[in-house]
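Just so we're on the same page: letters track the sequence lines, and every chain starts at 1. Heavy-atom basis, side chains included; hydrogens, waters and symmetry copies ignored. Owing to the predicted nature of the structure, the values given are computational and were not obtained by experimental measurement.
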There are 2 protein chains.
Amino acid sequence: MLAIKSPFKKQQFEAREEAILDAVNRLLSEKGFDLMTMDDVADAVGVAKGSLYKHFSSKEKLAAAAMSRLLSQTLEVLNNFPAEWRAGKRLEEVLRWTLQHRLRGGVPHLPSTRGAFQRALMLNLEYLALALKVNKRFYALAAEARRGGEISDSISDNVVVYTLYARSCDPTLEFLQKSGGLTDDQIVEAMVQTTFGGLRSRATSYENSSN
Amino acid sequence: MLAIKSPFKKQQFEAREEAILDAVNRLLSEKGFDLMTMDDVADAVGVAKGSLYKHFSSKEKLAAAAMSRLLSQTLEVLNNFPAEWRAGKRLEEVLRWTLQHRLRGGVPHLPSTRGAFQRALMLNLEYLALALKVNKRFYALAAEARRGGEISDSISDNVVVYTLYARSCDPTLEFLQKSGGLTDDQIVEAMVQTTFGGLRSRATSYENSSN
DNA sequence: GTCTATACACCGATAGAC
DNA sequence: GTCTATCGGTGTATAGAC
């Protein structure tokens, strides 16, 4: 971020910054961090590559800013749930929102766990603070949902929270989208149902014998 | 593959090729296709980079060979299930095998849906033939399991099959492994349970009201 | 067949004119 | 602040000696 004098130019500058983050958001979801080049971003926004560096001092900072914006939006969603919703309902709804966000072309919360990007994110203080906040909210909801008997006692909090994160970058979404048989809403519902209800028929007792 | 005269040299050549595929398998699971360089592979095997090209004419062919080997192993697992196992059991067990394979450092079946690698795989005839074979087996098992009442009627075959593929590259596995609270066996069982049984408590009826 | 050395392309980041 | 041009580094693939 640079010092800008005129209020009009400042507004223009910030609008351009939003446009850059929008483009990064889309490119990250399409190609991932490593395959996204600064030329891609510059072309998508319609500015010269060098100009990007007046806004963000590195490719890592640029991508981290886009990820931070996503986390802020997630927190906003969590804060705006109706007060009467129970924890289990909130967990379902935040997953639903995340999947819808991805269907609209957004980045998943997890940009591939391996690779240099994840390490760079962990050195970004703004991102880290937001990620910890979101994480705390998820653990609190998971614990509350278990107390309310809404999620299974035999599944630990870790598994619940990580599973929700993982569903946010689940390639099943893209498969179902490309296979074409389902509408976007049906895809979201199918994934929410398999996440919370599982694949198994609820009628079946399904013994755990080893043969 | 090149023409080799001496039987000893041929054996040596093939042993080296297996070693190369082992290294590629590990590197693909650690860094993914794009971040894995031919230098990495050469260093891991202990040969010069140029020599790799005597075995595989490109990086894509090399990685495709490693993926094909994985699919062959998967087919072998499917073929060696006890005859008395029902379809639902087989689906659970193939997922279990896949997760264990990854915990031992193996490649996931899906090397990130986006990126140039997936496109290259689709042009590789050997890989494509094996992938279609595995896919057919999965669909057949899903249909049989539904007929037997083992998986939910409200979930389409597409969702079942894609979900199983997606679990094979689910980052939940790495999260749980790094968080350290669970043994490898517990991680596998937790993921199999959430896949087939879901997160929700089976006691809860959980109405689908919109508030 | 395996090695070293190198050609060629691409990408992140910077310099300098305007 | 935005542009064009370029540097430095890295990666795939190949050439040529042995």
Q: Keeping the roles fixed (side chain from B:Gln186, backbone from B:Thr183), state whether a donor-acceptor pair exists under 3.5 Å.
A: yes
**Q.** Backbone of A:Ser29 reached by a side-chain donor or acceptor of A:Arg102 within 3.5 Å
**A.** no
Whole Å only: how far is the [atom1] atom of [X] from the [atom2] atom of [N]?
| X | N | atom1 | atom2 | value |
| --- | --- | --- | --- | --- |
| A:Leu62 | C:dC11 | CG | P | 16 Å |
| A:Asp40 | C:dG12 | CG | P | 8 Å |
| A:Leu52 | C:dT14 | CG | C1' | 14 Å |
| A:Asp39 | D:dA5 | CG | C1' | 13 Å |
| A:Phe56 | D:dT2 | CZ | C1' | 16 Å |
| B:Asp34 | D:dG11 | CG | C1' | 12 Å |
| A:Lys54 | D:dT4 | NZ | P | 15 Å |
| B:Ile20 | C:dG1 | CD1 | P | 13 Å |

Q.
Any base atoms under 4.0 Å from A:Ser58, or only sugar-phosphate, or nothing? Heavy atoms, all strands.
A. sugar-phosphate
Which nucleotide in the list [options] gets nearest to the side chain of [X]?
| X | options | answer |
| --- | --- | --- |
| A:Ala48 | D:dC3, D:dA13, C:dA13 | D:dC3 |
| A:Thr37 | C:dG12, C:dT2, D:dC3 | C:dG12 |
| B:Glu60 | C:dG1, D:dA13, D:dT2 | D:dA13 |
| A:Tyr53 | C:dT2, D:dT14, C:dT14 | C:dT14 |
| B:Lys49 | C:dA13, C:dT2, D:dA13 | D:dA13 |
| B:Ser51 | D:dA13, C:dA13, C:dT2 | C:dT2 |

Q.
Less than 4.0 angstrom between a side-chain N/O of B:His55 and OP1 or OP2 of C:dG1, yes or no?
A. no
(Q) Check this one for me: any side-chain N or O of B:Arg16 less than 4.0 Å away from OP1 or OP2 of C:dG1? (A) no
Q.
Within the structure provided, determine whether A:Leu121 and A:Gln118 are in side-chain contact (heavy-atom separation under 4.5 Å).
A. yes
Q.
When you compare the side chain of B:Phe81 with that of B:Lys89, does any pair of heavy atoms fall below 4.5 Å?
A. no
(Q) Quick check for you: to the nearest 0.5 Å, what is the distance between A:Arg119 atom CZ and A:Met122 atom CE? (A) 11.5 Å
